[in-house]
Amino acid sequence: MTSRTTLTHLQRLEAESIHILREVVASAEKPVMLYSVGKDSAVMLHLAKKAFWPAPPPFPLLHVDTTWKFRAMYDLRDKAAQAAGMDLLVYHNPEALEKGINPFDHGSLHTDMWKTDGLKQALDKYKFDVAFGGARRDEEKSRAKERIFSFRSANHRWDPKNQRPELWKLYNTRKAPGETIRAFPISNWTELDIWQYIHLEGIEIVPLYFSAPRPVVERGGLILMVDDDRFRLNPGEVPVMKSVRFRTLGCYPLTGAVESEAKTLPEVIQEMLLTTTSERQGRAIDHDQAASMEKKKQEGYF
Amino acid sequence: MSAKDPAYVADRLIAEDIDAYLVQHQHKTMLRFITCGSVDDGKSTLIGRLLYDSKMIFEDQLASLEHDSKAVGTQGGEIDFALLVDGLAAEREQGITIDVAYRFFATDKRKFIVADTPGHEQYTRNMVTGASTADLAVILIDARQGVLTQTRRHSYLVNLLGIRNIVLAVNKMDLVGYSAERFYEIVSDYSHFAKQIGMESFLPIPISGLKGDNIVTKSAEMPWYQGPALLGHLEEAPVNDSRMLDQPFRMAVQWVNRPNLDFRGFAGQIAAGAVRPGDPVRVLPSGKTTTVRAIPAFGGEKDVAVAGESVTLTFTDEIDCSRGDVITRADAPCEVADQFEATLVWMDEHEMLPGRPYLLKIGTQTVTATVTEPKYEVNVNTLEHLASKTLALNAIGVVNISTDRVIPFESYATNPDLGGFILIDRMTNATVAAGMIHFALRRSQNIHWQAVDINREAHAAQKNQKPAVVWFTGLSGSGKSTIANLVEKKLHAMGKHTFLLDGDNIRHGLNRDLGFTDADRVENIRRVGEVAKLMTDAGLIVLTAFISPFRSERRMVRDLMAAGEFLEVYVDTPLEVAEARDVKGLYRKARSGQLKNFTGIDSPYEAPEAPELEVNTVDLSPEEAADRVIALIMR
């Protein structure tokens with residue numbers, strides 16, 4: 001992506017993200033990249049490969065797993081980590097595992113225990129001091145003010161009154177013993193930027209983003225995929241094959257699909273540009289309660 | 001504008017030829033801009049309007065916008081665009097600090113990132129943060145109000161941060177009957193002021209954010225206006241990177257890439273100019289020269305890399321180069337110095353303390369720096385220069401800064417990446433100030449260390465002792481002077497060469513110009529530290545008895561001394577005990593209000609966290625305490 005004149009918007013975004021990735025590596029003791037296997041994670045991982053090339057990214061990938069992701073996500077996860085030459089750490093909250101926490105019986109406890117508690121436990125276990133996350137500022141209104149470096153106390157609380165101004169490209173990465181940092185290198189990317197970059201750079205993403213006939217049921221306005229036999233069908237409910245794809249990926253019983261015929265990346269982008277609803281509609285987590293993202297962040301979800 | 005307008009109308013090309021559309025959009029550029037103005041100027045309405053008119057609002061968002069507009073809107077049931085971007089008010093009430101909110105939108109030509117700075121109280125700090133990354137600023141004026149004090153403040157800050165593309169958006173033209181006369185009157189007022197602050201140029205545009213006049217398309221209501229609509233101008237205005245392209249090559253080294261013995265690459269983001277394989281370069285501050293061998297990159301080597309890109313360079317020679325160094329074109333290096341004049345914007349609730357060491361981060365390096373008293377503080381409303389001893393939150397002033405080593409830099413006006421810095425408090429790790437370098441001070445080039453033949457080792461050897469500073473700290477009346485005096489008598493009897501620096505005595509002479517404010521206490525300790533250091537150079541064992549209430553300053557003195565030569569002794573006496581003793585009658589005066597800034601009463605004491613020795617004067621007699629100190633010195 002070389003240009004002799006003004007950089008394009010994707011070149012500028014890429015350069016900024018690489019700068020942030022390197023700044024963390026230069027100042028952190030033990031960084032880690034949170035890897036969720038979605039398209040944002042795919043872009044973040046690709047940027048890390050570029051930032052440190054020819055060395056492999058000098059940190060491991062961490063997947064805080066819920067055991068309820070789509071099977072296709074687990075396949076790509078293992079493959080992508082290996083291709084990048086990086087260690088992949090998969091963490092399961094032992095308490096959630098023991099209690100059999102699942103999205104059918106436990107509602108928001110599912111996310112709280114697997115993801116929020118799981119992340120804290122994993123960071124404590126491995127003593128990571130900086131964790132890269134793939135959050136973007138355009139995802140929802142309350143994210144618009146997010147800083148790129150977000151500080152957490154020793155018990156992972158986000159103290160909104162104690163965040164630092166970020167001027168120029170100068171990130172103050174100093175922290176007290178026990179404090180940790182969440183760093184968001186793709187803060188300034190929009191959903192369209194992500195798609196365009198994946199297209200331009202030929203980044204591999206989970207096939208679920210492309211349309212294919214899949215077994216689904218409709219429930220509460222969401223189209224849910226029956227990805228394995230743990231899916232609990234309601235009386236009378238029968239999975240039907242429909243041509244669907246996913247705009248975001250998470251735990252399969254919580255992630256709504258859209259009916260679509262878009263089988264290639266340009267078609268997906270086309271559909272996205274022609275669509276008239278915003279991105280997060282397909283994710284049940286947001287519908288739980290108003291400002292739920294904000295609350296989850298304070299609790300340490302990110 | 002009615003709610004029936006389609007919210008999101010896609011480009012025809014998207015439906016007809018998505019591949020052609022994608023190619024077209026790969027060549028988009030990106031502009032970052034800041035909007036300045038208070039709530040009443042229609043800032044949120046303008047941003048909401050830009051998002052809406054550039055089709056960034058989806059149906060579900062529009063539905064909730066229509067609903068909210070009816071419920072809480074201020075436009076009588078019509079769409080209230082401000083609701084699209086507000087939503088920070090509740091957070092403000094919860095006390096969440098928000099410096100800047102970033103919004104995104106795109107047209108066929110450009111992607112835009114808008115920095116929106118809410119709030120009045122923290123306005124200076126927030127605006128400076130938002131403006132630091134902006135290519136352009138939109139300064140909003142309410143056409144009914146004209147140029148106000150806050151317009152001047154916004155303009156001053158935007159100019160201070162070096163933004164060269166400035167749009168004066170005269171808003172609410174619908175409320176002044178789209179009057180050309182009113183518009184030109186405001187432009188004339190503003191021109192006068194712009195000249196005063198050295199603003200080179202600005203583009204005035206008459207708009208109505210609410211009605212959409214001159215936002216996306218030229219307004220039919222104002223045929224007398226010949227210039228571009230706002231969005232059209234935003235699509236054409238130059239970005240900062242292109243200005244940096246014409247300058248000689250500069251890149252701060254961020255990280256050294258050494259995957260194996262055969263590869264050594266220097267990674268960084270190019271701050272100015274361009275670089276090609278074969279280019280001769282110079283590494284600063286060392287000044288060593290070499291040649292660029294290659295620009296290796298994921299997917300193949302690059303022929304050229306330009307300002308704004310994050311790259312990795314390899315050299316033809318193995319020369320020293322590490323994080324913080326700046327690589328420049330060999331025949332056009334940047335300056336190197338350790339003393340500067342700079343403008344500081346103070347961002348912390350604790351005021352600036354002249355003389356206290358702060359961390360200074362510039363480019364990719366972090367050094368220790370001290371700041372002098374301000375030469376002057378600027379009143380951002382009137383532009384007056386005021387005399388000041390310090391800078392409080394949101395204050396702006398010009399200071400001299402000295403760093404503990406030389407650093408490569410450029411003036412902020414030449415290159416913000418190499419002339420902008422932040423100051424960090426060493427104890428709290430907070431970012432306390434933003435700074436912009438004007439120039440290096442001449443004296444930093446003229447004062448050199450004088451090499452002497454009889455060095456500190458020779459002095460110490462002649463006295464047959466290891467020099468040290470025994471630093472007694474504790475509350476007034478804790479017994480510091482008493483114990484220090486006993487220790488010195490014992491050392492003297494042992495044939496040791498000593499000197500006792502006592503707080504009261506120093507304040508009669510060397511430091512008689514200093515009072516008891518926080519700033520003066522810092523300077524007091526700095527001078528004592530320097531004197532103690534000279535005495536250790538002379539081979540002496542120095543005993544000091546100062547309250548020295550702040551950890552930062554004790555650490556500053558510790559950092560001045562050679563490793564192991566600073567022995568901190570905490571004379572631990574509870575406040576009630578010291579106050580009951582009240583040897584000098586000072587506590588009584590402080591309690592009655594006759595004495596201000598008295599440590600322990602109305603000025604804080606920060607106890608040491610890891611002193612070399614702690615003596616509790618409730619349990620120990622002065623004699624016993626002195627023996628423990630002797631044991632520490634002689635160990």
Side-chain angles (χ1 to χ4, degrees), chain A residues 2-19 22-23 25-26 49-56 137-138 141-142 144-145 160-170 172 174-176 187-188 190 192-193 196 199-200 266-267 269-270 273-278 281, chain B residues 8 10 14-15 18-19 22 25-30 58-61 87-88 95-104 106 111 113 125 128-129 132-133 239 241-242 254-255 257 259 263 267 269 296-298 302 304-306 308-310 323 347 361 416-417 420-422 424 429-431 434:
Chain A
T2 298
S3 156
R4 269 154 221 276
T5 54
T6 304
L7 302 182
T8 67
H9 74 295
L10 289 177
Q11 286 171 327
R12 248 181 115 174
L13 290 170
E14 179 190 72
E16 179 188 64
S17 300
I18 289 176
H19 176 82
R22 289 170 172 172
E23 204 59 14
V25 164
K49 288 198 245 177
K50 285 194 153 187
F52 304 103
W53 196 89
R137 283 170 172 156
D138 82 321
K141 208 151 73 171
S142 77
K145 62 181 192 300
K161 291 175 194 167
N162 198 19
Q163 303 292 316
R164 302 166 182 173
E166 293 178 339
L167 293 117
W168 300 292
K169 294 164 187 161
L170 296 173
N172 171 2
R174 297 190 43 102
K175 56 190 179 312
S187 286
N188 284 328
T190 61
L192 182 57
D193 297 329
Q196 282 185 321
H199 177 55
L200 205 62
E267 284 168 8
I269 298 174
Q270 183 175 39
L273 289 170
L274 294 174
T275 195
T276 53
T277 53
S278 55
Q281 285 244 315
Chain B
Y8 184 93
I14 296 171
I18 184 66
D19 292 315
L22 285 173
H25 279 246
Q26 278 161 24
H27 299 290
K28 267 195 244 191
T29 53
M30 182 162 98
F58 292 100
E59 238 172 37
D60 51 330
Q61 291 169 327
L88 298 176
I96 298 176
T97 48
I98 300 156
D99 352 277
V100 191
Y102 296 91
R103 320 280 177 192
F104 305 83
K111 165 177 170 142
I113 303 182
R125 169 183 143 141
V128 166
T129 303
S132 72
T133 52
V239 301
D241 284 346
S242 52
Q254 220 186 343
W255 185 69
N257 193 351
F263 187 91
Q269 188 169 13
F298 185 90
K302 294 165 92 80
V304 60
V306 300
E309 282 186 271
S310 284
R323 177 171 163 89
M347 300 188 151
K361 184 168 184 187
D417 283 351
F421 62 88
I422 54 172
I424 301 167
N429 290 330
T431 300

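Naming convention: chains lettered A, B, ... in sequence-line order (proteins, then strands); numbering from 1 in each chain.
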What pair of heavy atoms forms the shortest contact from A:W168 to B:F421, and how long is it?
CZ3-O, 3.5 Å
Rounded to the nearest 0.5 Å, the NZ atom of B:K361 sits from the NZ atom of A:K169 at a distance of 12.5 Å
Check whether A:Q196 gets within reach of chain B through its side chain, its backbone, both or neither, counting any heavy atom under 4.5 Å.
side chain
On a heavy-atom basis, which atom in A:H19 and which in B:S310 lie closest, and how many Å separate them?
N-OG, 3.8 Å
Please determine whether side-chain contact (heavy atoms from CB on, under 4.5 Å) holds for the pair A:R164 and B:I424, giving the CA-CA distance in whole Å, both sets of side-chain angles, and the decisive distance to 0.1 Å.
CA-CA 10 Å; A:R164 302 166 182 173; B:I424 301 167; over 6 Å; no
Taking atom CD of A:E166 and atom CD1 of B:I422, what is their separation to the nearest 0.5 Å?
9.5 Å
First locate atom OG1 of B:T133, then atom CG of A:L170, and finally report the distance between them rounded to the nearest 0.5 Å.
11.5 Å
Contact class of A:S17 relative to chain B, heavy atoms under 4.5 angstrom:
neither
Which region of B:A267, side chain (C-beta onward) or backbone (N, CA, C, O), has a non-hydrogen atom less than 4.5 Å from a non-hydrogen atom of chain A, or is it both or neither?
both
In Å and rounded to the nearest 0.5 Å, what is the CZ to CZ distance from A:R137 to B:R103?
11.0 Å
Measuring heavy-atom distances to chain A, does B:Y102 have an atom under 4.5 Å in its side chain, in its backbone, in both, or in neither?
both
Considering all heavy atoms of both residues, which atom of B:N257 and which atom of A:F52 are nearest to each other, and what is their separation?
ND2-O, 2.9 Å
Within the structure provided, determine whether B:V239 and A:R12 are in side-chain contact (heavy-atom separation under 4.5 Å).
yes
Interatomic distance, CG@B:L22 vs NE2@A:H199, rounded to 0.5 Å, equals 4.5 Å
If you define the side chain from C-beta out and look only at heavy atoms, does anything of B:K111 sit under 4.5 Å from A:L192?
no
Pick from B:A297, B:G308, B:P296 with the largest number of heavy-atom pairs that fall under 4.5 Å of chain A
B:A297
Output for pair (A:L167 CG, B:R125 CZ), nearest 0.5 Å, gives 9.0 Å
Do any N or O atoms from the side chain of B:Q254 and from the backbone of A:A26 form a donor-acceptor pair under 3.5 angstrom?
no
Do any N or O atoms from the side chain of A:R22 and from the backbone of B:Q269 form a donor-acceptor pair under 3.5 angstrom?
no
Using side-chain heavy atoms (C-beta onward) and a distance below 4.5 Å, is B:R323 in contact with A:E23?
yes
Report yes if the side chains of A:N188 and B:F104 come closer than 4.5 Å at any heavy-atom pair, otherwise no.
yes
Look at A:R174, A:E16, A:E267 and state which one has the largest set of heavy-atom pairs under 4.5 Å with chain B.
A:R174
Nearest heavy-atom neighbours spanning A:N172 and B:A430:
ND2-C, 3.8 Å
